[in-house]
Amino acid sequence: MSTPQLERLREHCHQLRLYQIENELTARLEQAAKKEVSYADFLDELLATEVGAKTHKHHQMRMAMARFPFQKTFETFDFKFQPSIDPKLIRELATGRYMESGDNVLFLGPPGVGKSHLAVALGMKACEQGIRTLFVTATALITTLGKALAEGRLEERIKLLTQPQLLIIDEIGYLPIDRQGANLFFQLVSRRYERGSIIITSDQSLGAWGEVFGDTVIASAILDRLLHHSITINIKGESFRLKEKLKAGLLNKTKLEDQPTT
Ligand code: ADP
Ligand code: MG
């Protein structure tokens with residue numbers, strides 16, 4: 001093939017933002033000539049290369065935007081260790097169907113039982129499915145909202161937090177939330193209500209949320225919206241962290257048995 005034609009082809013690819021094809025064009029043309037593939041097969045493979053590269057890039061972008069604190073998957077979750085979790089229900093959640101109707105998911109249970117692991121695994125699945133996702137801790141979220149309120153940019157911040165189709169709020173109840181924080185949290189939950197799913201993890205039972213939010217009225221208003229369309233997964237069991245320590249011989253068995261399993 002003449003060099004000017006190859007140059008022109010590359011230029012067209014560039015203008016059309018078909019960067020992967022642009023990179024691979026020469027090699028692909030040579031391969032096709034050698035293997036004598038049909039026009040349709042050639043085009044098929046070429047376009048698949050571009051689609052593959054774009055899908056990969058978008059996935060990487062969504063993963064970066066999600067700001068996961070770590071990466072965890074369902075494949076590395078030991079369901080046998082936590083029999084109170086129904087693997088079928090988790091498999092259903094992994095399909096992402098719950099997000100179509102804006103349903104929320106709540107993971108409740110004591111520390112170390114895998115709440116954050118499962119929340120991140122669901123978030124990573126969502127990213128794979130092309131869903132815009134954001135992970136925040138409850139403490140960071142409330143600090144951000146408080147700061148935005150003080151700077152007169154609350155509306156803007158709430159809009160930003162409403163954009164991702166999936167918002168993961170980790171560790172509700174880990175630290176108490178003051179009245180202003182509770183109010184801001186309520187505003188966010190109301191804005192996302194029936195629009196975008198929220199995944200929440202909490203080591204406090206829902207009955208204790210009145211104390212977490214320092215106000216039973218606000219707590220029940222928040223729960224009313226969160227629970228209307230929701231799936232709650234109560235994890236009862238031992239901490240995986242303690243099991244690991246026990247295995248490593250850092251703790252003795254009595255200590256593990258002393259752990260509360262609410
Ligand atoms: P929680 O959020 O409930 O406090 P995490 O999800 O942070 O607990 O789990 C603590 C650690 O133990 C993490 O490293 C997590 O990956 C791991 N873990 C918890 N449960 C399991 C499990 N059933 N199988 C594999 N790893 C687990
Ligand atoms: Mg956690």
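In each ligand, atom 1 is the first atom listed, and ligand 1 is the first ligand listed. As the structure is a computational prediction, the values presented were derived from the model and not from experiment. FYI, side chains are in, hydrogens and waters are out, and symmetry mates aren't considered; it's all heavy atoms of this structure.
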Give me the nearest non-hydrogen protein atom to atom 14 (O) of ligand 1 as residue plus atom name, then the distance to 0.1 Å.
Lys72 NZ, 3.2 Å
Phe74 with Phe240, same ILVMFWY side-chain cluster at under 4.5 Å
no
Spell out, yes or no, whether Leu175 and Trp209 are grouped together once hydrophobic residues are joined by side-chain heavy atoms under 4.5 Å, including indirect joins.
no
Short N or O distance, Gln82 and ligand 1, threshold 3.5 Å exclusive
no
Around Arg179, counting heavy atoms of other residues, nucleotides and ligands shown, do more than 12 lie under 6.0 Å from its CZ?
no
Does any donor atom in the side chain of Thr137 or Asp170 lie under 3.5 Å from an acceptor atom in the other side chain?
no
Those atoms of ligand 1 less than 4.0 Å from some heavy atom in Pro111
4 (O)
Is it the case that more than 12 heavy atoms not belonging to Phe70 sit under 6.0 Å from its CZ atom?
yes
Hey, would you say the Phe81 and Phe79 ring centroids sit under 6.0 Å apart?
no
Can you pull out the closest protein heavy atom to atom 4 (O) of ligand 1? Residue, atom name and distance to 0.1 Å, please.
Gly112 N, 2.7 Å
Report, in ascending order of atom number, the atoms of ligand 1 lying under 4.0 Å from any heavy atom of Phe77.
20 (N), 21 (C), 22 (C), 23 (N), 24 (N), 25 (C)
Is there a donor-acceptor contact under 3.5 Å from the side chain of Asp203 to the main chain of Pro111?
no
Which heavy atom of the protein is the closest neighbour of atom 26 (N) of ligand 1, given with residue, atom name and distance?
Phe240 CE2, 3.3 Å
N, O or S atoms of the protein lying under 2.8 Å from the Mg ion (ligand 2)
Ser116 OG
Ion pair check, Arg17 and Glu50, cut-off under 4.0 Å:
no
At the 4.0 Å heavy-atom cut-off, does Val113 count as touching ligand 1?
yes
Between the side chain of Arg62 and the main-chain N/O of Arg132, is any donor-acceptor distance below 3.5 Å?
no
Considering only the protein, which heavy-atom contact is closest to atom 15 (C) of ligand 1, and what is its distance?
His117 ND1, 3.4 Å
Residue, atom name and distance, where the atom is the protein heavy atom closest to atom 11 (C) of ligand 1
Arg241 CG, 3.9 Å
Does the distance from a Lys or Arg side-chain N to an Asp or Glu carboxylate O, for Glu100 and Arg97, drop under 4.0 Å?
no
Starting from atom 8 (O) of ligand 1, locate the nearest protein heavy atom and write down its residue, its atom name and how far away it is, to 0.1 Å.
Gly114 N, 3.2 Å
Heavy atom of the protein closest to atom 24 (N) of ligand 1 (residue, atom name, distance):
Asp78 N, 2.7 Å
Honestly, for Thr76 the part within reach of ligand 1 (heavy atoms, under 4.0 Å) is backbone
Short N-O contact, Lys125 and Glu128, less than 4.0 angstrom:
yes
With distance as the sole criterion, is a donor-acceptor pair present between the side chains of Thr26 and Arg10 under 3.5 Å?
yes
